[in-house]
Structures are given as structure tokens and as C-alpha cells.
Amino acid sequence: MSFLELVGSLKERLSEAASGYPKVEFSILEPPEEFGDLSSNLPLILSKVAGKKPYEVARDIASRLKVDERISEVEAHPSGYLNFRIDYGKFSKEVIERAIEGVRPEWGKGRRVLIEHTSLNPAHQLHVGHLRNVILGDTIYRVLKFLGYEAYVHNYIDDLGLQVGDVMLGIRKLGFDPEGKGLKFDHYIGKIYAEINRMYEEDEGLLEERRKLLEELESLSGVFEFSKLVVDRVVKEQLKTCWRVGARYDCLNYESHILASRMWDDIFEELKRRGIAILSREGRLKGCWYVRVEGEKEGEEKVLVRSDGTTTYIAKDIPYAAWKLGLVEDRFRYVKAMEQPDGSVLWSTALEDGEERHPKFGACDVVINVIDVRQGRLQRMIRYVLERLSGEELKDRYIHLGYEVVSISRDTANEMGIKTDRKVVHMSGRKGVFVSADDLLDSLFTKALAETKKRNPGADEGWARSVAEKVAVAAIRYGMLKQDLDKMLVFDMRKALELEGETGPYLQYTYARASSILRKAGDWSLPESFSFEDESEFKLIKEISKLDFVLDKVHRTLSPVHMAKYGYGLCVSFNSFYERLPVLKEPEEEKRLSRLSLVKAFESTLKTCLELMGIEPLERI
RNA sequence: GGGCUCGUGGCGCAGCAUGGAUAGCGCGGCAGCCUCCUAAGCUGUAGGUCGUGGGUUCGAAUCCCACCGAGCCCGCCA
């Protein structure tokens, strides 16, 4: 029985014991340590409706309560709480055995989920803001996959956007070096992109040139052919960065393929017919087709089709979203684009000549779009249009997983040569103001390599480099996950390079400590019965048992912060156990084997937790 | 102007869904701990009007309202 199940069972038993009272909502929570392992506020709530003193109700319920055998003590506290103690003699065995077995809940079995993340413009390299997106999306993917979902990761390539127009114009004005001037190709194109944006300020005529280029791009001919080559090279380089931090994808969806599929034309007809898309005959939107969300005021309209007949971003997103949900037939063809470092195939949509056999993409039960909060309104609008179209409530099926942006701290901005009085500086690829993801990873690698060598004098160079790379990724991934989605992440180079305290490397270090004990233990097997006596052992067992409790929370909230905090807490518990009690040197056989089992259970649980966050467990560090 | 989000020790954050028992953690400060399973660690200590005011309640960091401060969105860009 896990912690989640224990809480569930306790709640049921409490409801039974309180059957004489009105039915109320109550909770089971963890009290401060001296009050026990679990407690319930049921008597406090009942006292209100029953008009009795909380303590009285608590004693009454305690006397009727038949608890699970894993609960050894029930106390009606004068405060009105019911406090419980876990019988670790009984609880430990199943917790440890289950942890070692690695049982996993299958809450998503039989359900298809589509996660879209990354989706950055193919006009520049990734900066740390994009990294937050990639890492959040990838972590949610890992968790949902673990929970038994049939999960697909999609990366949207906006190959017809303004940014591509900028790049094409930039190349025309600045020239094109197929070698990328010795830079990583996405870095090179990013420089052109920033430079042409600077040039607009001096020469407004360039904007007209770009408009013509965009028209040509949308016609899917002419400059489009060349842009495709550039875009694909940039995407490939961006993917290298994403792979480096452990992400993987199932399919790249190209905007040009959505356009070519003519899915929009059909949906547009339907929107017109149903009166969802409205033609503006006068005023500032004259000649445009727009939507207005019910209840919103005049002036809140969103244009779908411009007066010149071209479509806006939101219009192109509607058929794509409908495809994701299976509201329209799948008109895409698919080809194998490349193999990824994890060995899986990355597919791509195609215009024609697709593979006959391919995984079934789209048509998912749940769609999760990982996009920063600034697009919240647009995402709600897309969902609104889809709801009008399908007549279905999509709140639980079409989810915008919004997160706050990453900005740069004043200190780091100053070090980068950006003068500012403000507390933070917002990143902008267009202005060339950003912290490069590749550069950050390189800096972290260099620092981690020095640390690894310092701690392992004479170690093999290849081994040290491999460890350093994994430590670097752990640092960046944990750093991105440890604060909740609604908090702006202020990037500070000094803090980002930290490898101590609540960081990814701390978790890896703790894992290595446990691995080291198990490696040196030789042959051993689980004892008949466990012998634990120390508070630190009980605490660790309890933490281990909480894995599915935490998974449940992440599943419900889609917020990986809970996984991060859990992994950290698990390690804190282990380290305090580690510092207090010997394992290998414990003279009593039963205790030694019990502790070894506990270490094994911990190692197994932390491993799961790390893998869900995309952090490599390291046996030596 | 309308909408969304955030405000918790010097700094960075958990806790808020489901109100309750001394408000947790990391960094930084101070004091300790390596003849012992990896000190990327551990222990102790100092430091908090939970933005402000009001309301609901026996009880509010948590729920409601107002205000203040910060950020974002409100484009025929994406």
C-alpha cells in the first residue's frame, strides 16, 4: 500500500465512522512531526455543523473508527484534530518491496495525449526562455508517458512566418555563407535576423520588400524553395540543443503543410456558414473576417482573414488544433525526418509522397500546448472557436499549459553589457538580447568538468566529460522545474551555475551515494522481516511511499514543480539517514539488511523521479 | 481604460485546490562536523507585520472585496 492508498483508505474509514453526522468535505494532512504521521480535520469541520465541541466529536469518531492495520495509533487531540501514527513494522515491508519492484500507476491507460512544445521560430538559436518551454514540455511528456498515456510530442515549425521573411530578406541584403561563418547554423541565422531587424529602423522601404517576400513564401514557390533549405538546417541545429537537454519529439508539423492541406478553407467555410466568422463591412476592420468571443466587448475582435485575403496566425492555428483533437480528418502525409539520439524516429508532415505506414498522429483525447502566458488570450480564443465549431466543451481536452517568461537579472544583464536600472531585462531574439542556451550549457559543462576532476583525481577523461555533461543538464533542468509555472524566472548566471543546495547535481550526488553503498554491498537479499528503529529511517520510508501521491498531484495540475520538490525532499531524507546511521558497517545482520533494502528502495524511487524530470541518475559522480 | 498573474526573513522560492496545532526550504551570515558507506554532504544558530486595509469565520499566508506595487495581454505580428 502506498501513501496515496493509505490516505484514501483512511478517508473512507473516517467517513464510515462519521456516518452519524452530516456528510462534509474534509482532508487528511501531514501534521507537524510531534503529532504523528497523519491527521484529519474532520472533527473540526463536523463540530461546526453538529454544534458540538471539536474535541468531543474527535473522541466520538475515534471510538467508532476501525482503522487499517497499518495505522497503529489513533489520538483524539484536544485541539480537535484526529492524529494517527503509521505502524512502520507493517508499512515498511510493502513500501520497500513496491519501490524496488517499481510499480507504476496506469491512470492514463487507453488515452491518447498530444503535447506540443518547443515550437520556436526557425530564425534563431534557443535562449534560456525557450529552454524553459522545452524542459517543461518534455517533463510533462515523461510523466504522462509513465502514467500509461499514449503520448505524442509535436513541434510546430512556423516556416511561413514573418521571421522567415526577415531571414530571407537578411540573406538577400547581407549575403549568405553556407558554412555559417564558422558558427553553429542557428546562431549564424540568428545574427542575420537581429541585423535585418536593426536595419528596418534605418530603411523603412525594407518592410515593403519583406511583404513581397512573405507573399512569395505563402505561394509555396519561388523563394520558398530556398527558405525550406535554410529553415530545415536551422531546425536541425535547434533540435541538437533540445536533444542535448534530453528532449525528444514524435513529429514536426510545418505551417506550410497546414496551408497546403487546404484544411483552413473548409473550416473557414463552416465558420462563415455558422456565423462564427463575421465579415466587417466598415470601420477599422473593413474587409476583414473576424471572431468575437461571447461576452467580450466591441474592440475585442480578433481578425482571422485580413482585408487582402491572407490568414492570420490564429486562423492557421484553428485547423491545426482541430486536427490535434480529431475534429477534422487527417490530411497530412508523413515522412521519417531523422533518427534521434534516443534511437526513436522523428517524423515530419509532408506535402506529398508520405510513408504508407506511420504512427497515428493527431486525434488525441487530450491536447496540451506548452506556450508562455503571453499567448493566454489567443489560446482561449482558439478554444472558443473550436467549442463553437464542435459544440463540445473542451476545457479538459484542449489545455494551454502556460508558464511565465524568463528574463535576465540586472547583474547578469550588466555583465552582458546591457545597461539598465530595471530589476529585470526581458529577452528578445529580435534585438539580440538573450542568454544563449548553448552557451549556458557549455559554461555549466566547463564548471561541472572542473568539479568532477577535482573530486576524482586521475579519473578517465572521457568518463569525466560524460559526467560533467549530465551534471550540466541536471543543473539546468532542475533549475527550470523548481519554481512553479506562474512565477517569472529571473535568470542570473551566478545562480544558474550553482551546483550545491537545492539543485539537480545535489540529487545526482545523493543518488551516487546510494549507488555506492549498493555497489560495495556484494551479494545480499531482502530480509524476512525488517528492523527499523531510527526516526530518520521512518522518515525516509514515508517519503519513498509518497511517489504516487506526488504523481497524482502532477497529473492533476500538470505542474512539474511538485516532482522537483519531491525529489529534493527525498534526497534530504536520505542524506540525513546516511549521516546518522551506518549501513555496510552495521554489525547486526538484520539491521544491515533492512538498511540495505531501504537504500535500494530509495535508489529505485529516486531513479524514477530523476528520469521523469529528464535528469540522468549517476552511479558515480 | 479592460483583462490575467505575481507580492511569504537580505536574495530566490514551497505552502494557498480541501481555512486550523510552533509558517517550511535553498542561497547568503554566524558556529560546528571528514582516522567512518563520495563534505556536490550533514548539524546547530540568527533572521518573517505572509504587500496594505477591510470582510467571512470560534479560527485566515490560505476564502471574498478594495487598494498599493511589479510584470504581462488587449496588432489586418507570431
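Just so it is clear: chains get the letters A, B, ... in the order the sequence lines come, proteins before strands, and each one is counted from 1.
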Comparing A:Ile28 with A:Glu255, nearest RNA chain B nucleotide closer to 5' gives the residue A:Ile28

Is the charged tip of A:Arg513 near the ring of A:Tyr578: under 6.0 Å from the six-membered ring centre and within 45° of its axis? yes

Answer yes or no: does a side-chain N or O of A:Lys286 lie under 4.0 Å from OP1 or OP2 of B:rC76? no

Contact check, residues 301-310 of chain A vs RNA chain B, heavy-atom distance under 4.0 Å, returns A:Val303, A:Arg306, A:Ser307

Among the candidates B:rG7, B:rC76, B:rU38, find the nucleotide nearest to the side-chain atoms of A:Ala512. B:rU38

Compare every heavy atom of A:Ala448 with every heavy atom of A:Val471, then report the nearest pair and how far apart it is. CG1-CB, 3.8 Å

Go through the structure and list residues passing salt bridge (charged side-chain N to carboxylate O under 4.0 Å, His left out) with A:Glu404, not counting sequence neighbours. none

Assess, by modelled atom type and distance only, whether the side chains of A:Glu75 and A:Asn83 contain a donor and an acceptor separated by less than 3.5 Å. yes

Aromatic A:Phe491 / basic A:Arg132 pairing, under 6.0 angstrom, 45° off normal: no

Please list, by residue number, the residues of residues 578-587 of chain A whose heavy atoms come closer than 4.0 Å to an atom of RNA chain B; answer none if no residue qualifies. A:Tyr578, A:Glu579, A:Leu581, A:Pro582, A:Val583, A:Leu584, A:Lys585

Checking A:Lys607 against A:Tyr511: charged group under 6.0 Å from the ring centre and within 45 degrees of the axis? no

Nearest listed nucleotide, side chain of A:Arg374, among B:rA21, B:rC73, B:rG12: B:rC73

Considering only heavy atoms and no angle criterion, is a donor-acceptor pair shorter than 3.5 Å present between the side chain of A:Asn575 and the base of B:rA39? no

Judged by each residue's nearest nucleotide on RNA chain B, which is more toward the 5′ side, A:Arg519 or A:Lys553? A:Lys553

For A:Arg513 and B:rA39, is the shortest distance between a side-chain N/O and OP1 or OP2 below 4.0 Å? yes

Can you list the residues that meet the salt bridge (charged side-chain N to carboxylate O under 4.0 Å, His left out) rule with A:Asp37, with sequence neighbours excluded? A:Lys542

Is a side-chain donor-acceptor pair under 3.5 Å present for A:Tyr313 with A:Gln375? yes

Reckon A:His562 has a side-chain N or O less than 4.0 Å from the OP1 or OP2 of B:rG15? yes

Ordered by number, residues from residues 474-481 of chain A within less than 4.0 Å of RNA chain B (heavy atoms) are none

Quick one: stems for RNA chain B, with Watson-Crick or G-U pairs under 3.5 Å, at least three in a row? B:1-7 with B:68-74, B:10-13 with B:24-27, B:29-33 with B:41-45, B:51-55 with B:63-67

For A:Tyr81 and B:rA21, do the ring centres fall under 5.5 Å apart while the planes stay under 30° apart? yes

Any side-chain N or O of A:Lys48 under 4.0 Å from OP1/OP2 of B:rU56? no

Nearest of B:rG41, B:rU18, B:rC77 to any side-chain atom of A:Ser27? B:rU18

